[in-house]
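In this text, all values refer to a predicted model and were calculated from it rather than measured experimentally. Proteins come first, then strands; the chains are lettered A, B, ... in the order of their sequence lines, and each starts at number 1.
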Amino acid sequence: MRSILSARPSGLASFTAHDGRLLLLLGGLVAILAVLSMVIGPADVPLSALFAPGDDPTTIIMQELRLPRVLLAICVGGTLGLSGAALQGLLRNPLAEPGLVGASSAAALGAVLVLYFGLYTAFPLALPVAAIVGALLAIALVYLLAGRDPGVLTLILAGTAVSSLAGSVISLAINLSPNPHSASEIVFWLMGSLKDRSLDHFTLSLPFMAVGAALLLSSGRALDALALGEDTARTLGFSLGRVRFFLVAGTGLAVGAGVAVTGAIGFIGLVVPHLLRPFVGHQPRRLLPASLLGGMALLLAADIGVRLIPTQLELKLGVLTALVGAPFFLALVLKTRKVMA
Amino acid sequence: MILEATGLSFVRDGATILHDVDFRLDPNEVVGLIGPNGAGKTTLLRCLIGLARPERGDIRLDGRSLAEWPSRARAGAMAYLAQNPDCHWPMSVERVVALGRLPHLDPWQAIAPGDIAAVERAIQATDIGHLRDRPVTCLSGGERARVLLARALAVDAPFLFADEPVAGLDPGHQIQVMGLLRRSAGRDRAAVVVLHDLTLAARHCTRLVLLAEGRVVADGPPGEVLTAPILARIYGIAARIETHDGALMVVPEGLAQVDA
């Protein structure tokens, strides 16, 4: 029976009234933070310099230093938030994180090898290219390890195995570094930053992130069905093998390409979906676009934060997100433990 | 629409779970799948719905082999209510019920008035209108069972398959759920229900299929399947079978005496 007491939008309206307002709000937040990020920095440059013709120094600062930084924060933050939301939906666990599929560590390994062998001197984009190749190889290896028609747990364990393998080779590279400078170069790169990236970094990583994001966004309905369990999702017409592949490959592409240009930035994919879930009625599909925008906003804010926090050396972005994210993760574990107990 | 399976065999880890099973489902039927533990009831149900692939045998839905059906069309024709169904996120009741419309939606198509009507019918049939905005994870066991049954009914499929839908429910909710399944059949619809309670099966099913050790040992109206000799042979129980106001009652009284 239709509830008589509550004056709620009836039938169709309540289902089609999507999260327009929330998405608009998040989109507005992204726009404001993007503008702030453009004008905050050591040099005081007005926003109008971005559109000024000619090669005035302020225009160069805007177009070649700050614009790539903002664009990358938007893309990397967005894909981190989106893939976190998608993986949490696939695993039906709010503690899941994009790093689980192994692609981010493998991307980092590709970059570290380029730094170790100094290949970037020969070819400036060698670093992001090697990192993206690393991420692609990781996806292939995860599927090779997991075998035919793998279950989700097998996939995640294979991803963890690939992660630890990549991690151990990264440690080896640092260990065997010929001099302290190259070791610290690797360590600093691994901390993750958006500083001093060029538009080439952006155009190189964008297609991979776009394909990854498209794979993830197209899986929304399947994630909704998975809320009812794997068997029921299959009887609702979804092929689980396809869904898992879309999500693992999508996450690998998006996050791998992100790591390739920024280094490791953790916890965005964990924190954003968790914060937004109550606002979308806990529905996995509706969480995807919201987390995409939320991730953009959070990474933009963090990147403004590292520039505003007065430290002698600029704080690395990955360090800041970890400092804020790790306690959050801890609190989340405690909360989940309470719910499950 | 008719579902017809012939010669189904299913092997798991070298053990044969189903031996050459024939099964047919016609419109307006409520078929109870009964049998002792391990008889293969759930396996048969999973084969019929396409969740398990039989080793041998042929399953035809509407004259067409089940494997040839596009998965979404098949999902719209056969709804499934899992054993101990659950929803992993605290979504609202009406959103959970609306998930039943997924087989009818194209990938980017929004939910349409026809879908809403099906959701509303399912909510009304299961009498959960007063719960519609509550998070499904906060409901009692009986309420949650009704919500997830409504989810299955919202598919509006010609066939509904339910695996022990009354397990863990109190007698009132058991009768309520069985009555709903009974009412959902009819209008050219049919349901298959795995059951353990024989009296409940006798009272609410139009036909019973008794499985034992992976074979169909009896198939017919409840009165023909639930006889003392059959129950003694298959379940090993001595049961009193009574008819009260036209309704069959099975009262197990003890283990059957094994004749030398």
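- No side-chain heavy atom of A/Asp231 sits under 4.5 Å from any side-chain heavy atom of B/Ile49.
- The CG atom of A/Leu223 sits 10.0 Å away from atom CH2 of B/Trp89, with the distance rounded to the nearest 0.5 Å.
- Residue contact with chain A, scored on non-hydrogen atoms closer than 4.5 Å, involves the backbone and the side chain of B/Met91 alike.
- A/Thr232 contributes atom OG1, which lies 7.5 Å from atom CG of B/Leu81 (distance to the nearest 0.5 angstrom).
- At a threshold of 4.5 Å between non-hydrogen side-chain atoms, the residues B/Ser92 and A/Gln283 do not count as touching.
- Under a cut-off of 6.0 angstrom, the local environment of CZ in A/Phe279 is sparse, with at most 12 non-hydrogen atoms contributed by other residues, nucleotides or ligands.
- Annotation for A/Phe328: atom CZ counts as buried by contact number, over 12 foreign heavy atoms lying within 6.0 Å.
- A/Ser218 touches chain B through backbone and side chain together, each having a heavy atom under 4.5 Å away.
- Only the side chain of A/Pro284 has a heavy atom closer than 4.5 Å to any heavy atom of chain B.
- Interface remark: B/Pro90 contributes backbone and side-chain atoms alike to the contact with chain A (heavy atom separation under 4.5 Å).
- Other residues, nucleotides and ligands place more than 12 heavy atoms under 6.0 Å from the CZ atom of B/Arg64.
- Dense packing is recorded around CZ of A/Phe238, with more than 12 heavy atoms of other residues, nucleotides or ligands lying under 6.0 Å away.
- Summarising the geometry, atom OG1 belonging to A/Thr235 is positioned 10.0 Å from atom CZ belonging to B/Arg46; distances are rounded to the nearest 0.5 Å.
- Looking at heavy atoms from C-beta onward, B/Thr137 lies out of side-chain contact with A/His282 at the 4.5 angstrom threshold.
- Residue B/Ser71 holds its OG atom at 10.5 Å from CZ of A/Arg234, rounded to the nearest 0.5 Å.
- A/Arg221 places no side-chain N or O within donor-acceptor distance of the main-chain N or O of B/Leu102, the cut-off being under 3.5 Å.
- Between B/Leu99 and A/Leu236 the shortest heavy-atom distance is O-CD2, 3.8 Å.
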